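See structure below.
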Amino acid sequence: CIARHAKGGRHAVVMDPVAEGNLGYHKRLVDTCTYLVASHVEPAVLNHFAGYPVALWHAMAEADEDIAPGELQIMGGSTAIMRATFIALYLGFTEQHYFGMDSWFGEDMVSHAYPVAEPLPPTAQITVKGGRTFLTNAAWVAQAQQFFRALEATQGAFKPTLHGDGLIQEMVRRGNPELAKHIRLA
């Protein structure tokens, strides 16, 4: 389980629709965790969580497509962490802590804090204006952009604390001071 709030609850967001990509991240299930599973996943993903607390949510499509007419749809972006931001807001959690949301490979070329089965996408070097250069990929650059758009769109409704160092943290230090004052770096 990846997130805990002050009342002791635990939640894990599951967004990737393909069982092959999803299930490797959820090998050890915890019965005290509620798995927040996107409604668009393959049946095998839901079957994997049988016997554990599961709550379904609908991911708002990026296009003008209504995937669940009349139902609440969670906006957020292309990564589970960005959707988790809005799920947490919907559940009333405004103080949010992010671990490992740095959008770069790091000095050791490791992409995640755990083993990843799928091949890594092509890399690119990004230099933050007046700052450092980072090895990243297109998905993480999009994640960084989506993070700042989410902060701007919600007008300070959530108060993120970013733990660690990386591309997003450097963008906070070197970027828009109006947005940066709403973000804590730890």
Side-chain angles (χ1 to χ4, degrees), residues 1-16 25-26 30 32-36 38 55 57 59-60 62 72-114 116 120-121 123-186:
C1 230
I2 58 173
R4 181 189 317 217
H5 60 73
K7 296 178 184 171
R10 294 170 171 245
H11 302 85
V13 173
V14 180
M15 185 172 147
D16 191 340
Y25 300 126
H26 303 285
V30 179
T32 57
C33 181
T34 299
Y35 295 91
L36 306 172
W57 59 279
M60 180 182 287
E62 297 298 323
L72 173 70
Q73 297 176 46
I74 304 295
M75 63 181 285
S78 59
T79 62
I81 191 67
M82 290 310 306
R83 297 296 173 134
T85 297
F86 288 94
I87 292 170
L89 271 175
Y90 178 73
L91 294 174
F93 302 108
T94 57
E95 297 286 331
Q96 299 182 19
H97 291 260
Y98 297 86
F99 297 86
M101 189 174 134
D102 47 31
S103 293
W104 76 306
F105 283 101
E107 307 284 335
D108 53 5
M109 282 298 295
V110 174
S111 66
H112 291 73
Y114 47 85
V116 179
L120 296 174
T123 60
Q125 283 192 346
I126 300 291
T127 301
V128 176
K129 186 176 181 179
R132 298 166 28 215
T133 299
F134 297 88
L135 190 61
T136 186
N137 61 48
W140 289 341
V141 170
Q143 176 179 267
Q145 293 168 334
Q146 292 162 1
F147 175 76
F148 289 105
R149 275 195 297 249
L151 191 62
E152 196 170 36
T154 59
Q155 300 176 347
F158 73 102
K159 292 157 184 58
T161 299
L162 300 174
H163 296 266
D165 189 34
L167 175 61
I168 292 177
Q169 290 81 348
E170 186 73 3
M171 291 170 76
V172 170
R173 286 190 282 277
R174 305 281 181 177
N176 181 341
E178 284 302 307
L179 285 178
K181 70 182 180 183
H182 298 287
I183 304 169
R184 289 184 296 274
L185 298 177

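This is a predicted model, so every value here is computed, not measured.
- Looking only at side-chain heavy atoms (C-beta outward), I87 and F93 stay at 4.5 Å or farther from each other.
- No donor-acceptor pair closer than 3.5 Å links the side chain of Q169 to the backbone N or O of L185.
- Counted by atom type alone, Q143 and S103 present one or more donor-acceptor pairs between their side chains at under 3.5 Å.
- Within the 4.5 Å cutoff, side-chain heavy atoms of R184 are placed close to those of E95.
- Annotation for Q73 and A59: closest pair OE1-O, 4.4 Å, computed over non-hydrogen atoms.
- Once rounded to the nearest 0.5 Å, the distance linking CD of E178 with CG of L151 reads 11.0 Å.
- Side chains of R132 and D165 form a contact here, defined as non-hydrogen atoms less than 4.5 Å apart.
- Rounded to the nearest 0.5 Å, atoms CZ (F86) and CD (Q96) are 9.0 Å apart.
- Going from atom CZ of F158 over to atom CG of L89 covers 6.5 Å, rounded to the nearest 0.5 Å.
- Side chain of R10 to main chain of T32: no donor-acceptor pair is present (N/O by atom type, distance under 3.5 Å, no hydrogens or angles).
- Counting all heavy atoms, side chain and backbone alike, R83 lies closest to M75 at CD-O, 3.5 Å.
- The shortest non-hydrogen separation linking W104 to L167 is CD1-N, 3.9 Å.
- To the nearest 0.5 Å, atoms CZ (R174) and OG1 (T127) are separated by 12.0 Å.
- Counting only heavy atoms from C-beta outward, the side chains of F134 and D102 never approach each other to under 4.5 Å.
- Closest heavy-atom contact between Y98 and P160: CE1-CB, 3.5 Å.
- Nearest heavy atom pair, residue A150 against residue M82, reads CB-CE, 3.8 Å.
- Interatomic distance, I168 CD1 to R173 CZ, rounded to the nearest 0.5 Å: 11.5 Å.
- In this pair, H163 and F99 present their aromatic rings parallel. The plane angle is below 30°, not in the 30 to 60° band.
- Looking at every heavy atom in both residues, M171 comes nearest to A144 through SD-CB, 3.9 Å.
- The shortest side-chain heavy-atom distance between F147 and I81 does not fall under the 4.5 Å cut-off.
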